[in-house]
Number of protein chains: 2
Amino acid sequence: MPRVRISDVAAAAGVSTSTVSLVMNDRDARIPPETQARVRAAADEMGYTPNSVARGLRTQTTRTIGLVSDTIATTPYAGRMLAGAQDVAREHGHLVILVDTGADADVEREAIRALADHQVDALVYACMWHQVVSAPDHLPARTVFLDCRPVDAGHPAVVPDDRAGGATAVRELVAAGHRRIAFVDVDEAPAPIASGLRFEGYLEVLREAGIAPDPALHVRGAVSAAGGRSATDLLLDLPDDRRPTALFCFNDRMAAGAYVAARHRGLDIPRDLSIVGFDDQQLVAAELDPPLTTVALPHYEMGRWATEVALGVRTPDDPGAVRLMECPIIRRDSVGPPPATGGDPSRRRT
Amino acid sequence: MPRVRISDVAAAAGVSTSTVSLVMNDRDARIPPETQARVRAAADEMGYTPNSVARGLRTQTTRTIGLVSDTIATTPYAGRMLAGAQDVAREHGHLVILVDTGADADVEREAIRALADHQVDALVYACMWHQVVSAPDHLPARTVFLDCRPVDAGHPAVVPDDRAGGATAVRELVAAGHRRIAFVDVDEAPAPIASGLRFEGYLEVLREAGIAPDPALHVRGAVSAAGGRSATDLLLDLPDDRRPTALFCFNDRMAAGAYVAARHRGLDIPRDLSIVGFDDQQLVAAELDPPLTTVALPHYEMGRWATEVALGVRTPDDPGAVRLMECPIIRRDSVGPPPATGGDPSRRRT
DNA sequence: TGAGTTTGCTAAAACGATTGAGCGACAGTG
DNA sequence: CACTGTCGCTCAATCGTTTTAGCAAACTCA
């Protein structure tokens with residue numbers, strides 16, 4: 001069965017297509033209720049909804065937004081950004097056209113072009129993780145950067161507040177009574193922005209608490225469980241009086257490695273060692289034993305924010321500035337008070 | 001700067017819009033090379049690309065496909081289906097409009113409507129995991145089901161071959177020499193389709209190998225590490241001569257729980273116990289220690305297949321039948337030969 | 001030379017909505 | 001009664017393409 005057009009409805013209701021359009025869009029109050037009712041009845045009856053393509057051509061607005069990302073879709077990591085974007089789009093009657101460029105510049109250029117050709121009303125340019133990008137050319141006017149910031153401003157951007165997140169993590173540890181707190185960092189080059197920022201937060205809280213930072217407590221490893229494990233081994237090899245009682249890990253996967261390292265020495269978490277991670281990756285943080293206390297990346301909220309400003313339903317408090325989104329702490333069971341004695345902890349598990 | 005239209009190019013090249021269109025679409029061989037070159041030069045110069053909305057209206061084809069899913073985007077699980085769909089779409093010059101319904105029937109209905117209004121050329125209806133769904137009404141003609149099968153046929157569908165996948169997993173264990181192989185199943189009600197199918201594969205291979213199935217070796221637990229752990233505990237509590245030497249776990253998360261249970265008894269994997277999982281969830285399978293041998297769900301391939309048939313660039317070998325996609329085994333380090341003796345394995349770790 | 005064919009292009013009609021201008025009927029007013 | 005306003009609707013243009021039909025000139029051939 002072919003689609004029903006506005007002219008079909010018009011014929012059925014005995015009016016012109018103009019009238020149908022006017023009624024369907026509530027655009028002319030002068031049309032008497034009876035006629036409105038008649039039109040609406042006909043439309044419902046026939047299951048009419050306007051063809052978006054035709055409408056788009058006429059109104060120059062398609063009720064779609066483009067979402068281009070480097071690898072958001074193919075990776076488990078940041079799906080909730082997409083969910084946030086999606087939800088906002090739906091709330092405002094928009095559809096989202098997603099294109100995952102696989103971080104290929106040619107694909108990206110082509111995608112942006114294609115989205116422009118499709119007349120998306122807005123574009124959100126998303127990255128997998130917090131980074132600085134050189135904004136591609138020919139971006140639509142309404143473009144918002146998500147989880148990345150363009151080198152040259154000009155478009156709104158939202159990223160996680162990694163510094164504050166780092167501070168939150170460390171503050172949790174300090175509040176539990178720890179004073180020897182290590183930062184299990186990544187050793188990638190160039191260092192991810194998040195790394196430096198979280199470290200800043202770490203130092204800030206140490207300063208707040210009057211704890212002198214010990215360079216030996218800042219270790220690095222690959223971004224993986226294995227990397228976290230070997231970095232943690234370095235820490236646990238320190239002499240008793242310098243060994244940390246708590247770890248702030250760059251992310252949950254590295255924290256998982258820290259668990260392994262601790263377990264291999266018979267250390268109990270959190271009795272002998274407290275750990276806080278970052279990212280709140282369900283599959284790892286919640287499944288660890290004990291479940292990991294961690295700082296969540298506000299992916300969903302960032303996705304919402306970006307889409308709201310792209311759609312123009314929200315204006316940045318401080319246009320021009322990069323919006324920092326708060327990273328909340330998720331308390332689970334990997335943080336406790338430091339062990340009473342500095343002595344060698346039991347090698348037996350309870 | 002406003003978009004450049006075909007009429008701008010026509011003016012610049014000193015021809016009519018018809019000619020420009022004809023040239024751009026290679027539709028009339030009678031236009032002499034010089035004119036073609038002139039038109040193309042003008043178009044390139046001005047950066048002209050046709051407005052997809054206008055073209056869509058005229059040609060009744062938008063070069064977009066709709067992808068509606070229950071929760072594919074918001075969950076780490078099946079992102080690669082999306083990637084497969086995306087890649088195929090791009091290869092054929094299409095864009096994908098994604099809508100995640102959150103498994104809400106109203107949202108779904110509305111989304112399908114909206115996609116139809118936008119005149120998507122095809123629709124793929126994706127599910128998070130292999131299930132039977134009652135196909136919603138008013139689906140576009142070119143609809144394909146992905147990772148689910150409609151109760152009433154009528155549209156092509158593709159799902160993983162869970163039975164064969166189960167067989168593959170168990171065959172791996174049999175090949176390593178195991179004879180007492182347990183199936184750590186899920187205990188959800190109703191049981192997921194995959195559960196029954198994988199169990200069938202399990203039984204099939206046992207039969208092949210002349211091994212009598214032992215009902216005590218079929219245990220169940222919640223779909224989580226905790227569930228896997230407690231189910232495994234049941235198994236490890238069995239008397240020595242009935243205790244399994246190998247586990248086939250319903251999925252990787254449960255396998256992770258099995259690791260925990262094994263470790264708590266001082267069992268080494270794979271020396272004392274071999275384990276194979278299912279799903280190949282990177283974050284868990286690859287990060288376990290030792291890395292988990294598992295059977296992969298062919299999400300990417302299914303996404304590709306579904307999109308190819310939706311786009312009409314591939315026709316199902318057997319239209320009407322549900323396409324079963326092979327689940328390949330990913331060999332890592334959690335499978336080894338059974339322990340030489342049936343005696344009590346060491347409680348010390350190496 | 002004239003008829004037919006080919007060449008090189010264009011006019012104009014779609015596609016299906018939205019929307020500003022406007023028209024006829026009627027009511028109200030002076 | 002003439003004039004103005006309002007009401008209830010419609011006309012027709014428009015958005016930017018694609019595509020069919022076809023025109024005029026050049027060419028071919030008998």
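Please read all numbers here as calculations on a predicted model, not as lab measurements. Here is the naming used below: chain letters follow the sequence lines, and residue numbers restart at 1 for every chain.
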Which nucleotides of nucleotides 16-23 of chain C have their base under 4.0 Å from a protein heavy atom (B), which only their sugar-phosphate (S), and which neither (-), written as one string 5' to 3'? BBBB--B-

Please check if atom CD in B:Gln60 has more than 12 non-hydrogen atoms from other residues, nucleotides or ligands closer than 6.0 Å. yes

Under 3.5 Å, is there a donor on one side chain and an acceptor on the other for A:Thr19 and A:Ser16? yes

Heavy atoms under 4.0 Å, any strand shown: does B:Thr35 hit a base, just sugar-phosphate, or nothing? sugar-phosphate

What's the CZ-C1' distance between B:Arg63 and D:dG16, to the nearest Å? 15 Å

Heavy-atom neighbours of B:Glu326 CD exceed 12 at 6.0 Å: no

Neighbour count >12 (heavy atoms, 6.0 Å) for atom CZ, A:Arg63: no

What's the CD-C1' distance between B:Glu34 and C:dT7, to the nearest Å? 12 Å

So does A:Arg113 have more than 12 non-hydrogen atoms from other groups sitting under 6.0 Å from CZ? yes

